[in-house]
A.B. asks: 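Pasting a structure here, questions to come.
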Amino acid sequence: MAKQLQPVKGTRDLYGSEGRAQRHVVDTADAVSRAYAYDRMETPIFEQVEVFNRPLGESSDVVTKEMFDFQTKGGDHVVLRPENTAGVVRSVISNGLTHDLPGRYFYAGPMFRYERPQAGRYRQFTQIGVELIGPEQPSADVDVIACGWQILAELGLTDHITVHLNTLGDTESRNAYRTELVAYFSDHRNRLSEDSLARLEKNPLRILDSKDEGDRALLPAAPKFVEHLNVLSQDHYGMVKTGLDNLGLPYRHDDTLVRGFDYYCHTAFEFITEQLGAQGTVLGGGRYDGLSKLLGGPQMAGVGWAAGVDRLAMLLGEAPGEPAPVAVVPLGEQAEVVAQKLVFELRARGVRVDMNYSGNMKKRLTRANKVGARQTVILGEDELNAGIALVRDMDGGEQREVPLARLIEELSA
RNA sequence: GCGAUUGUAGCUCAGUUGGUUAGAGCACCGGUUUGUGGUACCGGGGGUCGUGGGUUCGAACCCCAUCAGUCGCCCCA
């Protein structure tokens, strides 16, 4: 085995059924997002570092250790995008789309994070996502969540997925809560895990979703975010929930749901499955009203989510396959010429056609069988002289003669 | 970045307490059928046992290192 020709760690090749499953996820998301009147936005896969390091938080892991960054020959410090919300907002600012709000954007493409690969986590992975930029209203949050739900519904995945919902409040509420939380955990400092001691300094909210048993034992008595929301934040959260109720979308309030990036506020949500082990979050997002200003743009509200295509594809099982093709088997030079024209015309009509360019009849029929052909057209000298072709049904093996003139019509059906 | 675990043919795996030319199934190629696939029978190609060191008369098997996969932690989709 030629080990020296393996793909780079954490990357992989996608083809066959796995590739089809991923494409199906993206295609479905694309179709649903159009119904929701989102426009596709393609931003570059790399950006200046500034686009990410401030919005995501200088101390966040993504910035401190997970960015694929490098110097260009011109001396720019650029980074392969680890996520796309900051990129989309940057684009809105760069292109003056701030004057054309609300902006509704859908994207799909590769993201990069330099971290330890494991199931459902790669260094290059594909995300789809939606950003609704401009409106501050809670209905926008509902819009975006509904879109995510609908995509998963059309993929047939909603049975195994729970929507977790929480609020991070506005800046005032969050600061007040953070102060209380730090006070509480500082009192119990000796019972905190090592990881959480670090979080206490960097990102105390993160202690809430710690997986450490000792940490979790402290949570029931910890101050609750919902009890520290100011009126504005309470109203916002309340209206998001009423909005989801109105659409009949199920969700579960989750006190421990926290988002990693600094730009989030108010609504936070994650769609979680039990079926993927530790990588159970399949879609996650929230509101990010402060992001634009962090990028040096105007005050501009926004809400959105991103979903991992790799993870969704894994849940899919079997993706819908391609339709069975028609195979064409010519024998002899003359027949080859006629066959190639025939194949050309069938394909122009959208019929999936496979043809081999070498081999005897046996070999070509074997090939036809392997590609799962439903019918095989056999065209030799004898048939050519008689002005017909043999159409062989690959399931039963029956063959019938079809006049060349009628062939296209017969096979297009 | 940390911890655990695995690494034998394209794929899934055997390989007994270290002992002669490392096996099977599937896949692939050829033949039985030089104009008929999918079933059957016969035959064939393909492996520096992840890599590099070491121990030994002898290593796929024991030791060390390294790389890669998998699972978990951190973090996140």
Side-chain angles (χ1 to χ4, degrees), chain A residues 1-12 16 25 56-57 59-67 82-85 108-129 148 193-196 198-199 202-203 206-207 209-212 215 258-261 269-273 276-285 304-315 327 329-332 335 356 359-383 390-399:
Chain A
M1 225 192 306
K3 279 296 179 207
Q4 60 273 39
L5 277 181
Q6 293 303 299
V8 172
K9 180 181 183 130
T11 67
R12 61 193 185 137
V25 170
L56 300 187
S59 64
S60 73
D61 272 27
V62 170
V63 168
T64 55
K65 67 175 192 190
E66 293 174 4
M67 291 208 300
E83 58 101 51
N84 206 28
T85 301
M111 308 293 159
F112 306 83
R113 283 182 205 170
Y114 192 84
E115 55 185 348
R116 196 72 193 273
Q118 52 184 270
R121 169 190 290 179
Y122 303 94
R123 288 186 169 180
Q124 174 176 338
F125 57 103
T126 307
Q127 276 190 342
I128 51 175
S193 68
E194 204 175 316
D195 283 328
S196 285
R199 294 188 183 110
K202 290 198 321 194
N203 195 349
R206 270 280 164 211
I207 300 175
D209 68 352
S210 170
K211 285 172 188 162
D212 183 87
D215 292 344
V258 182
R259 306 254 73 212
F261 304 142
F269 53 89
E270 287 186 7
F271 292 22
I272 299 175
T273 174
L276 286 181
Q279 272 64 52
T281 299
V282 115
L283 180 152
W305 52 255
V309 172
D310 305 78
R311 292 182 186 178
L312 289 173
M314 278 190 273
L315 293 175
V329 172
L331 294 164
N356 244 24
N360 56 23
M361 183 154 177
K362 182 185 170 75
K363 206 171 206 165
R364 296 194 194 204
L365 274 173
T366 304
R367 160 82 187 175
N369 188 59
K370 206 171 75 179
V371 300
R374 57 179 210 263
Q375 289 173 309
T376 298
V377 178
I378 298 167
L379 191 60
E381 301 293 328
D382 298 347
E383 288 77 18
L390 298 177
V391 174
R392 182 180 177 85
D393 181 89
M394 294 304 276
D395 284 334
E398 311 88 40
Q399 275 176 200

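Chain A is the first sequence line, chain B the second, and so forth, proteins listed ahead of strands; every chain is numbered from 1.
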A.B. asks: Can you give the dot-bracket line for RNA chain B, where a pair is Watson-Crick or G-U wobble with both atom distances under 3.5 Å, crossing pairs use [ ], and | marks a partner on another strand?
C.D. replies: (((((((..((((.....[...)))).(((((.......))))).....(((((..]....))))))))))))....
A.B. asks: Are any of A/Gln118's side-chain N or O atoms less than 4.0 Å away from OP1 or OP2 of B/rC71?
C.D. replies: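 No, A/Gln118 has no side-chain N/O under 4.0 Å of OP1/OP2 on B/rC71.
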A.B. asks: Of all the heavy-atom pairs spanning A/Arg311 and A/Thr281, show the shortest one and how long it is.
C.D. replies: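 Closest approach of A/Arg311 to A/Thr281: NH1-O, 2.7 Å.
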A.B. asks: Between A/Arg123 (side chain only) and A/Pro117 (backbone N and O only), is there a donor and an acceptor less than 3.5 Å apart?
C.D. replies: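 No, the answer is negative, given that no donor and acceptor are paired below the 3.5 Å cut-off.
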A.B. asks: Would you measure the distance from the C1' atom in B/rU33 across to the matching atom in B/rG37 and give it in whole Å?
C.D. replies: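 Pairwise C1' distance, B/rU33 against B/rG37, rounds to 12 Å.
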A.B. asks: Send over the distance from A/Met111 CE to B/rA77 P, rounded to a whole Å.
C.D. replies: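 Rounded to whole Å, this separation is 11 Å.
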A.B. asks: Over all heavy atoms of both residues, which pair between A/Arg113 and A/Phe125 is shortest? Give the atoms and the distance, please.
C.D. replies: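 In this case the closest contact between A/Arg113 and A/Phe125 is NE-CZ, 3.8 Å.
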A.B. asks: Run the side chain to side chain contact (heavy atoms under 4.5 Å, CB included) test against A/Gln399 and tell me which residues pass, sequence neighbours left out.
C.D. replies: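 With neighbours one apart ignored, the set is A/Ile378, A/Leu390, A/Arg392.
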A.B. asks: What contact category does A/Tyr122 fall into here, base, sugar-phosphate, or nothing, at under 4.0 angstrom with non-hydrogen atoms?
C.D. replies: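 Base contact.
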A.B. asks: Report the residues that fulfil salt bridge (charged side-chain N to carboxylate O under 4.0 Å, His left out) with A/Arg12, sequence neighbours left out, ordered by chain and then residue number.
C.D. replies: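 Testing A/Arg12 for salt bridge (charged side-chain N to carboxylate O under 4.0 Å, His left out), a comparison that skips the adjacent residues, returns A/Glu18, A/Asp310.
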A.B. asks: For B/rC11 and B/rG47, measure between their C1' atoms and round to the nearest Å.
C.D. replies: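 Result for the C1' pair: 14 Å, nearest Å.
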A.B. asks: Which atom names give the shortest non-hydrogen contact between A/Ser196 and A/Ile207, and what distance separates them?
C.D. replies: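 It is O-CD1, 3.7 Å.
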A.B. asks: Any idea which heavy atoms bring A/Thr376 and A/Ala368 closest together, and the distance?
C.D. replies: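 The pair with the smallest heavy-atom distance is OG1-CB, 3.6 Å.
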A.B. asks: Mind checking the P distance from B/rU70 to B/rU32? Whole angstroms is fine.
C.D. replies: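 So the two P atoms sit 45 Å from each other.
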A.B. asks: Identify the pairs formed between an N or O of the protein and an N or O of nucleotides 1-4 of chain B at a distance under 3.5 Å, and give each distance.
C.D. replies:
residue : atom : partner  : partner atom : Å
B/rC2   : N4   : A/Arg116 : NH1          : 3.0

A.B. asks: Please find the pair of heavy atoms, one from A/Pro82 and one from A/Met111, that lie closest to each other, and give the distance.
C.D. replies: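 For A/Pro82 and A/Met111, the tightest heavy-atom pair comes out as O-CB, 3.9 Å.
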A.B. asks: For nucleotides B/rA60 and B/rA22, find the distance between their C1' atoms and express it as a whole number of Å.
C.D. replies: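 My reading of the C1' atoms in B/rA60 and B/rA22 gives 8 Å.
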A.B. asks: Which letter, B, S or -, goes with each nucleotide of nucleotides 29-40 of chain B from 5' to 3', with contact meaning a protein heavy atom under 4.0 Å?
C.D. replies: -S--B-BBBB--
A.B. asks: Base, sugar-phosphate or nothing for A/Arg12? Non-hydrogen atoms, less than 4.0 Å.
C.D. replies: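 Here A/Arg12 touches no strand at all.
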A.B. asks: By nearest heavy atom, map A/Pro117 and A/Leu283 onto RNA chain B; which one lands nearer the 5' end?
C.D. replies: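 By nearest-heavy-atom nucleotide position, the 5'-most residue is A/Pro117.
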A.B. asks: Check whether A/Arg374 reaches the backbone of A/Asp393 with its side chain - one donor and one acceptor, N or O, closer than 3.5 Å.
C.D. replies: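 Here the side-chain-to-backbone pair does not exist.
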A.B. asks: Using whole Å, what does the distance between atom P of nucleotide B/rC74 and atom CZ of A/Arg113 come to?
C.D. replies: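 In whole Å, B/rC74 P lies 16 Å from A/Arg113 CZ.
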A.B. asks: Is there a donor-acceptor contact under 3.5 Å linking the side chains of A/Gln124 and A/Thr11?
C.D. replies: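 No donor-acceptor contact under 3.5 Å links the two side chains.
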A.B. asks: Between atom CZ in A/Phe125 and atom P in B/rC75, what is the gap in whole Å?
C.D. replies: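 It is 16 Å, rounded to the nearest whole Å.
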A.B. asks: If you pin A/Gly10 and A/Gly285 to their nearest nucleotides in RNA chain B, which one's is more 5'?
C.D. replies: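 The 5'-side residue here is A/Gly10.
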A.B. asks: On a whole-Å scale, what distance lies between the C1' atoms belonging to B/rC41 and B/rG35?
C.D. replies: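 Straight-line distance between the two C1' atoms is 23 Å.
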A.B. asks: Taking the C1' atom in each of B/rU56 and B/rG19, what is the distance between them to the nearest angstrom?
C.D. replies: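 Looking at atom C1' only, B/rU56 and B/rG19 are 12 Å apart.
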A.B. asks: Taking atom P in both B/rA77 and B/rC61, compute the distance separating them and give it to the nearest angstrom.
C.D. replies: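 That atom pair is separated by 43 Å.
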A.B. asks: Calculate, to the nearest 0.5 Å, the distance between atoms CG and OG1 belonging to A/Leu283 and A/Thr273 respectively.
C.D. replies: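 That separation rounds to 12.5 Å.
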A.B. asks: Base, sugar-phosphate, or nothing for A/Ala368, non-hydrogen atoms under 4.0 angstrom?
C.D. replies: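 The answer is nothing, as A/Ala368 stays clear of every strand by at least 4.0 Å.
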A.B. asks: Looking at residues at least two apart in the chain, or sitting in another chain, which of them share a salt bridge (charged side-chain N to carboxylate O under 4.0 Å, His left out) with A/Arg364?
C.D. replies: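 A/Arg364: salt bridge (charged side-chain N to carboxylate O under 4.0 Å, His left out) contacts with A/Glu336.
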A.B. asks: In whole Å, what separates the C1' atom of B/rC67 from that of B/rC74?
C.D. replies: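 Roughly 23 Å separates the two C1' atoms.
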A.B. asks: To the nearest 0.5 Å, what is the distance between CG (A/Asp209) and CD (A/Glu270)?
C.D. replies: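 One finds 7.5 Å between CG of A/Asp209 and CD of A/Glu270.
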A.B. asks: Would you indicate what A/Gly359 reaches in the nucleic acid, counting non-hydrogen atoms under 4.0 angstrom: base, sugar-phosphate, or nothing?
C.D. replies: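 No contact.
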